[in-house]
Amino acid sequence: MFRSGEFDPEQIVLFHYSPTRAGETAKEFLDGFHGYLMTDGYSGYNKLRDCTRTSCWAHIRRYLIDAIPQGKEYDHSQPAVQGLAYVDKLFEMERKIHEKKGSDFDAIKKFRLEKEKPVLNGFWNWLDCQTAIKNSRMYKALVYIQNRRPFLETYLEDGGCSFNNNTSLSEGITYPHLFLESQTISIPSQKRCA
């Protein structure tokens with residue numbers, strides 16, 4: 001599933017059937033595409049070379065929520081609760097900037113770099129100090145986050161890029177899919193953000 005960005009004036013959703021989820025499918029479909037591309041964590045997307053990948057913070061949030069022991073949701077001594085506090089702060093900041101009337105992509109980028117980047121730095125410092133029992137839910141969350149770390153800050157580069165793919169998730173669209181953000185609708189080339 002390929003989808004335009006949540007901020008595009010024209011919304012499109014493209015379904016491309018393939019009998020497998022092989023990385024070659026996305027590579028072939030997106031041949032010639034240059035831009036930002038939000039994906040899930042599937043390693044097959046590593047075959048894509050001509051785009052800038054970004055990852056979804058809603059997935060990070062979900063992994064941290066799953067790592068909180070039952071009944072400990074408000075116990076800030078729990079590492080998963082601590083990590084979730086950083087992520088929730090980022091979600092709050094994103095909500096505020098997008099509710100602000102007249103915010104263009106340059107203003108969003110500036111806001112993110114000035115206000116969200118320090119929160120991200122705190123999150124990465126927190127993450128670097130964490131250890132967990134192998135195969136525990138917290139361990140799985142930490143591994144998931146570390147594996148996506150290179151792609152979790154690329155949304156800072158362009159105010160038109162999404163912070164998460166909740167738009168797709170709220171519409172009942174499930175993986176496998178790519179979340180495309182674009183300034184123009186031509187698929188698959190000449191996109192600013194995908």
- prompt: Stepwise, does the side chain to side chain contact (heavy atoms under 4.5 Å, CB included) test hold for E73 with V81?
  reply: CA-CA 7 Å; E73 294 83 3; V81 175; 5.7 Å; no

message: Checking H59 against N165 for the side chain to side chain contact (heavy atoms under 4.5 Å, CB included) test, could you report, in this order, the C-alpha distance in whole Å, the side-chain angles of both residues, the deciding distance, and whether it holds?
response: CA-CA 9 Å; H59 286 82; N165 66 359; 3.6 Å; yes

task: List the steps and the verdict of side chain to side chain contact (heavy atoms under 4.5 Å, CB included) for D158 and T52.
output: CA-CA 11 Å; D158 189 313; T52 303; over 6 Å; no

task: Would you please test M138 and Q78 for side chain to side chain contact (heavy atoms under 4.5 Å, CB included) and show each step?
output: CA-CA 10 Å; M138 186 63 185; Q78 294 293 321; over 6 Å; no

message: Using side-chain hydrogen bond (donor to acceptor under 3.5 Å, both in side chains), reason through E153 and W124 one step at a time and then give a plain yes or no.
response: CA-CA 11 Å; E153 285 196 24; W124 300 131; 2.3 Å; yes

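Taking the centre and axis of the six-membered ring of Y144, the NZ or CZ atom of R148 falls inside the cone set by 45° and 6.0 Å.
Rounding to the nearest 0.5 Å places CD of E116 at 13.5 Å from NZ of K109. Atom CG of L113 and atom CD of E157 lie 9.5 Å apart (nearest 0.5 Å). Atom CG in D75 sits 9.0 Å away from atom CD in Q82 (nearest 0.5 Å). Distance check, rounded to the nearest 0.5 Å: CZ of R61 to CG of N164 gives 10.5 Å. To the nearest 0.5 Å, atom OG of residue S103 and atom CZ of residue F105 are 10.5 Å apart. One finds the CH2 atom of W57 at 11.0 Å from the CE atom of M38 (value rounded to the nearest 0.5 Å).
Considering only heavy atoms from C-beta on, R149 comes within 4.5 Å of L127 through its side chain.
Considering every non-hydrogen atom in both G83 and L64, the closest pair reads C-CD1, 3.7 Å. The minimum heavy-atom distance between I68 and A80, with the atom names listed, is CG1-CB, 3.6 Å. Between T154 and F151 the shortest heavy-atom distance is OG1-O, 3.1 Å. The minimum heavy-atom distance linking K27 with K47 is given by the pair CD-O, 4.0 Å. Residues R53 and T39 share a closest heavy-atom pair of NE-OG1, 3.3 Å. Shortest non-hydrogen contact noted between L156 and K117 is CD1-CD, 3.8 Å.
Side-chain heavy atoms closer than 4.5 Å link hydrophobic residues (I, L, V, M, F, W, Y) into clusters, and following such links, possibly through other members, connects I60 to L90. F91 and Y155 end up in the same hydrophobic cluster when Ile, Leu, Val, Met, Phe, Trp and Tyr side chains are linked at under 4.5 Å. Note on W126: it clusters hydrophobically with V119, by side-chain heavy-atom contacts below 4.5 Å among ILVMFWY residues.
Shown are I145, D128, L152; of these, the side-chain contact (heavy atoms from CB on, under 4.5 Å) with F123 is made only by I145. Considering R112, K115, H98 as possible partners of M93, the one that fulfils the side-chain contact (heavy atoms from CB on, under 4.5 Å) test is K115.
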